[in-house]
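Both counts, for ligands and for their atoms, begin at 1 and track the order of listing.
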Amino acid sequence: MLSANFGQLDREIDMINRSKADWFHLDVMDGLFVPNISFGMPIIQHIASKAIKPLDVHLMIVQPERYLKEFQQVGSNILTVHYEAVTHLHRCIQEIKSLGMKAGVSLNPHSPVHLLESILPELDLVLIMSVNPGFGGQKFIPHTLKKIEALREMIAASGSKALIEVDGGVDQQTAPLLVEAGADVLVAGSYVFGSPNPEATIQMLKELA
Ligand code: ZN
């Protein structure tokens, strides 16, 4: 939703509701963990009130454990925190799940997947950043494919049920490669909202994947 037109947010929400997309992906930025500031609780609550699909909320904020309950109260269904932003990650994940949400951890491009080895059995989702977080419309980092392959093996070996989600630079070229490497969920923002027919673009990506 970061790439949506917020001047006509309800129309954008309707489009996602109608489309073949499975989830709404919301990027929350605090101007500290990442340079940008995006949106907060009122916008999430509004989207939740109109959405007929789960809200996948990606927190690009420092110390996200300060706000877990608030994000649950405004309607988040899946809550993902950054490995790089939390000191007590295990506790944070337990808290997200105890609030009734699915729990995810995201890795920046510089963070190797083996960092998640001890927490993997607890996770519902791992979100691999395939660009440096903080802005929409950035170029895909090819090394991401190797990370997804390695994570796929780790998940199989650990018996974890975590889904692999990829965020950044997803388009017609990268989507099939990401799925082939083992990704389960693809996040597409500017590629969808910047296209002449976003609903058709979503359908095209779903058919590629
Ligand atoms: Zn995201």
Side-chain angles (χ1 to χ4, degrees), residues 1-6 9 12-13 16 19 21-41 43-44 47-48 51 53-64 67-68 71-72 74-86 89 92-93 96 101-111 113 116 123-141 143-145 147-148 151 162-171 174-175 178-179 183-194 198 201-202 205-206 209:
M1 295 304 290
L2 184 64
S3 304
N5 180 347
F6 282 76
L9 185 56
E12 305 281 52
I13 297 168
I16 302 289
S19 79
D22 298 288
W23 298 345
F24 284 78
H25 185 86
L26 279 61
D27 286 315
V28 178
M29 304 177 175
D30 65 354
L32 199 57
F33 183 70
V34 290
N36 251 351
I37 297 175
S38 60
F39 49 77
M41 306 306 177
I43 295 285
I44 299 172
I47 295 171
K53 299 174 181 183
L55 260 59
D56 175 33
V57 178
H58 175 193
L59 301 183
M60 295 184 234
I61 68 175
V62 296
Q63 298 174 346
Y67 297 108
L68 302 180
F71 281 110
Q72 183 255 339
V74 293
S76 309
N77 302 104
I78 304 158
L79 200 61
T80 295
V81 297
H82 263 267
Y83 177 87
E84 301 86 0
V86 187
L89 187 58
C92 180
I93 294 302
I96 292 171
M101 297 177 284
K102 301 261 187 222
V105 171
S106 184
L107 292 176
N108 276 337
H110 73 272
S111 298
V113 292
L116 299 180
L123 301 181
D124 298 301
L125 185 139
V126 176
L127 174 54
I128 303 285
M129 290 305 303
S130 43
V131 300
N132 282 297
F135 301 95
Q138 291 195 86
K139 210 169 152 24
F140 180 79
I141 299 171
H143 179 66
T144 307
L145 296 170
K147 286 176 76 171
I148 296 168
L151 180 60
L163 296 174
I164 302 177
E165 182 176 32
V166 185
D167 192 358
V170 171
D171 61 20
T174 56
L178 291 163
V179 171
D184 302 297
V185 184
L186 303 181
V187 178
S190 51
Y191 186 66
V192 166
F193 288 101
T201 303
I202 290 171
L205 281 174
K206 290 281 289 190

Exam field: side chain [X] to backbone [Y], donor-acceptor pair closer than 3.5 Å:
{"X": "Ser106", "Y": "Leu127", "result": "yes"}
{"X": "Lys147", "Y": "Ile128", "result": "no"}
{"X": "Thr80", "Y": "His58", "result": "no"}

All side chain to side chain donor-acceptor pair (under 3.5 Å) counterparts of [X], not counting sequence neighbours:
{"X": "Lys206", "value": "Asp22"}
{"X": "Asp56", "value": "His25"}
{"X": "Ser38", "value": "none"}

Under-2.8 Å protein N/O/S neighbours of the Zn ion (ligand 1), ordered by chain then residue number: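 Protein N, O or S atoms closer than 2.8 Å to the Zn ion (ligand 1): His25 NE2, Asp27 OD1, His58 ND1, Asp167 OD2.
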
